[in-house]
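Working notes, beginning with the structure itself.
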Amino acid sequence: MIRDQIRQIVTDAVAAAQGSGNLPSIDIPLVEIQRPNQPEHGEYSSNVAMLVASAVRKATGQKTNPRQLAQSIVDEIPVGELIGSVELAGPGFINIRLDERWLQGKVVEIIAQGSAFGAIDRGAGQRWQVEYVSANPTGPLHYGGGRNAVLGDTLANLLEAAGYEVQREFYVNDSGTQFQLFIESLYATYLQLCEELGGEPGRNVEIPEGGYQGAYLKDYAQLVRDMENGSLFHMEQSTAKDALRKIGREIVIRDIEEELAALGVTFDRWFSEKSLYDEGLVDKLLEQLTDEGEIIEKDGARWFLASKYPGNEKDEVVVRSNGAPTYFASDIAYHYDKFVRRKFDRVINVWAVDHQGHIPRMGAVMEALGVEPDRLVILLYNLVKLIRDGQEVKMSKRSGDFLTVREVVEEVGPDAVRFMLLTTSPERSVEFDMSLAVQRKNENRVFYVQYGHARICSLIQRATENGIVDPEVIPDDAAETVNLLTHPAELTLIRRMLEMEEQIELAVERLSPHNLTYYAEDLTKAFSAFYENCQVLHSDVPPALARARLLLCLAARTALSRVLNLMGMSAPEAM
RNA sequence: GCGCCAGUAGCUCAGUGGAUUAGAGCGUCGCCCUGCGGAGGCGAAGGUCGCAGGUUCGAGUCCUGCCUGGCGCGCCA
């Protein structure tokens, strides 16, 4: 990465300055390389001289002049291939500018890298898992689940770009009370439907207290009938429900899968909670933890002694006094499976804020299982408030009266939904104004980015038709041709594109996919400015320069489509 | 009551490994079409970074206290 190269050069310069006695030989922490706010300050800067000055003062009490120290470092920085110029500024900043020739040469490299542009090897050899959405399989996805899906999916994309081997997983809660209620509700709805369609009367089964009664249940019941030809109607209740557990699960999972696919979100694995019980892993672990004194019996229930561990105040029930395990019991087994069996180096669980209380308990579980707690990371995100026509869209899952991910995607479009949900940092709650998202397209920045991409494509298309460029082939003289790119707008665009690696690293480091949307805008802005200022296909433009600019366009298309793809959005050639 | 998160321009939000003049979009007000897609470009106005202290040569960023809002503190998930 460029930043790392710069860091190395500055670090070497510091050592050289110390070696020649111009810089006090004092231990310095890792040299920091920043991105200055002002473009006049160059692409990179370092405050290392100020840090040295303060370290000297702390160690010896002597005052030194940071500008003087900085100068001694500047003197040792080789200007040449990568670095165009170095200057001393302000109280002792070292401002670094990249070499123009070097920048120009990068255009060809970007084109050559294609869809892999920006990839870094930060995660080489590491297997990470991202577990996201994991909504209860009891109906279509509630709108809020959309944010979870977008965050998890984009984060997984970013991790892959950063070199990690990533597994995307959806945990299916197909064994808890909620799923049971769903099955009961589906059964009742199914019977009603059969009666309406001319079945025998007298099978009055009500939707249970606290059950599900959304309109979708009727659709599901119809699907059950299609699959079973009404045979469940005559079965004995418990047999019918057993069968329904399987069919109902299949129907609801397929429904959720389709909704997510419409958002561009997919999974490598749908992990069944029930399977943890079926294979006896839950029991096995409860026994093991009991033997180890982590679980005790009290008041007829079995408790995991979470309070032994930091951050936890209370113990947690794993088996109720009625003998039924809580979700927490299977969670222990599930995470055992993730870390001990499947050996993921790290797992990121994407959770809504209302699950925050669960975090310390999971930390305790990790400790009890003897797994390094840092290997489990929770990405917590805040809720989404949906606004339509200036009013909050109220949603209640219980009554079934809620907007689904599918409906929102249909109304707004998948790219716009993703972009809007991605612009806000996860810990903040977000107001999603649907009316605005569809009507005022210029307020939705995703169109700006996609429009930029479409413009590039149209330009390249014309150039291809005129035989000026072949987008599939990098010409032999490309390296010399790009040296004609000296206009400030051209160089700014190249600089922006070269931020890609750092942006990916930053987003991965902070688990902040939203940074990407801002980068995408900046990148597009740089292209638009170039587009306005530098003609490409115009008789006044010398042919060589035109070809150079077309190469720049090819690189820009590469960069822009890469960002869009990372965010899970389409990069349209026309719109 | 305790805990977690948020409070930055009229609005929606970036920026929080401390650092050179706090940014963007929208909105407002100016410019720019005898040029490749104007869904564009250039510029201006607009901010006591919730409040009060503290640490530091330097704080939107770190520490403490407070205010406001959201969420959490179940034998629910």
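Numbers restart at 1 for each chain; the letters A, B, ... are given by sequence-line order, proteins then strands.
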Checklist entry - Can B:C11 be described as syn, meaning its chi torsion is within 90° of 0, or is it anti? => result anti
Item to check | First of A:P325 and A:H538 reached from the 5' end of RNA chain B, by closest nucleotide | outcome: A:H538
Checklist outcome for this item: A:I96 atom CD1 is separated from B:A19 atom P, nearest whole Å, by 17 Å
Item to check | Derivation of the side-chain hydrogen bond (donor to acceptor under 3.5 Å, both in side chains) call for A:S330 and A:E273 | outcome: CA-CA 7 Å; A:S330 44; A:E273 178 187 16; 2.6 Å; yes
Item to check | Near-ring test A:H453/A:F527, centroid separation under 6.0 angstrom | outcome: no
Checklist entry - So what does A:S458 touch, heavy atoms closer than 4.0 Å: a base, only the sugar-phosphate, or nothing? => result base
Next on the checklist: On the side chain of A:D433, is there an atom forming a donor-acceptor pair with the base of B:U12 - under 3.5 Å, no angle test?
Outcome noted: no
Checklist entry - Between the side-chain atoms of A:N136 and the base atoms of B:A77, is any donor-acceptor pair under 3.5 Å? => result no
Checklist entry - Just checking A:N515: base, sugar-phosphate only, or nothing, at a heavy-atom cut-off of under 4.0 Å? => result sugar-phosphate
Next on the checklist: I'd like to know if A:S429 reaches the base of B:G70 with its side chain such that a donor and an acceptor end up less than 3.5 angstrom apart.
Outcome noted: no
Next on the checklist: Rounding to an integer number of Å, can you tell me how far A:Y381 OH sits from B:C5 C1'?
Outcome noted: 15 Å
Checklist entry - Heavy atoms under 4.0 Å, any strand shown: does A:H355 hit a base, just sugar-phosphate, or nothing? => result base
Next on the checklist: What's A:E573 touching, base or sugar-phosphate or nothing? Going by heavy atoms closer than 4.0 Å.
Outcome noted: base
Next on the checklist: Under 4.0 Å, counting only non-hydrogen atoms across every strand here, what does A:N37 touch: a base, just sugar-phosphate, or nothing?
Outcome noted: sugar-phosphate
Checklist entry - Is B:C42 paired to anything, Watson-Crick or G-U wobble with both distances less than 3.5 Å, and if yes, which nucleotide? => result B:G30
Next on the checklist: Using a heavy-atom cut-off of 4.0 Å across all strands, would you classify A:Y518 as base, sugar-phosphate, or nothing?
Outcome noted: sugar-phosphate
Checklist outcome for this item: Partner of B:A9 under the Watson-Crick or G-U wobble criteria, both distances under 3.5 Å, comes out as none
Next on the checklist: Considering every strand and a 4.0 Å limit on heavy-atom distances, what is the contact class for A:V536: base, sugar-phosphate, or nothing?
Outcome noted: base
Next on the checklist: Any donor-acceptor pair, under 3.5 Å, between the side chain of A:Q356 and the base of B:G3, if you only look at N and O atoms?
Outcome noted: yes
Checklist entry - At under 4.0 Å between heavy atoms, what does A:C457 touch on the DNA or RNA strands: base, sugar-phosphate, or nothing? => result nothing
Checklist entry - Base, sugar-phosphate alone, or nothing: which one does A:E316 contact when heavy atoms must sit under 4.0 Å apart? => result nothing
Checklist entry - Partners of A:E427 by side-chain contact (heavy atoms from CB on, under 4.5 Å), sequence neighbours excluded? => result A:S425
Item to check | Any-strand Watson-Crick or G-U partner of B:C75, both distances under 3.5 Å | outcome: none
Checklist entry - When all nucleic acid strands are considered with a 4.0 Å heavy-atom cut-off, which category describes A:A574: base, sugar-phosphate, or nothing? => result base
Next on the checklist: Does A:T424 reach a base, just sugar-phosphate, or nothing at all? Heavy atoms under 4.0 Å.
Outcome noted: sugar-phosphate
Next on the checklist: Regarding A:R67, tell me which of base, sugar-phosphate or nothing describes its non-hydrogen contacts under 4.0 Å with the strands shown.
Outcome noted: nothing
Checklist entry - Among pairs that include at least one residue of residues 523-537 of chain A, which meet side-chain hydrogen bond (donor to acceptor under 3.5 Å, both in side chains), considering only residues two or more places apart or in two chains? => result none
Item to check | Nearest-angstrom distance, C1' atom, B:U8 to B:G25 | outcome: 15 Å
Checklist entry - Rounded to the nearest Å, what distance is computed from the CG atom of residue A:L537 to the P atom of nucleotide B:G37? => result 9 Å
Checklist outcome for this item: Judged by nearest nucleotide, the residue sitting upstream toward the 5' end of RNA chain B, A:L380 or A:L506, is A:L380
Checklist entry - With a 4.0 Å cut-off on heavy atoms, is A:E427 in touch with a base, just the backbone sugar-phosphate, or nothing at all? => result sugar-phosphate
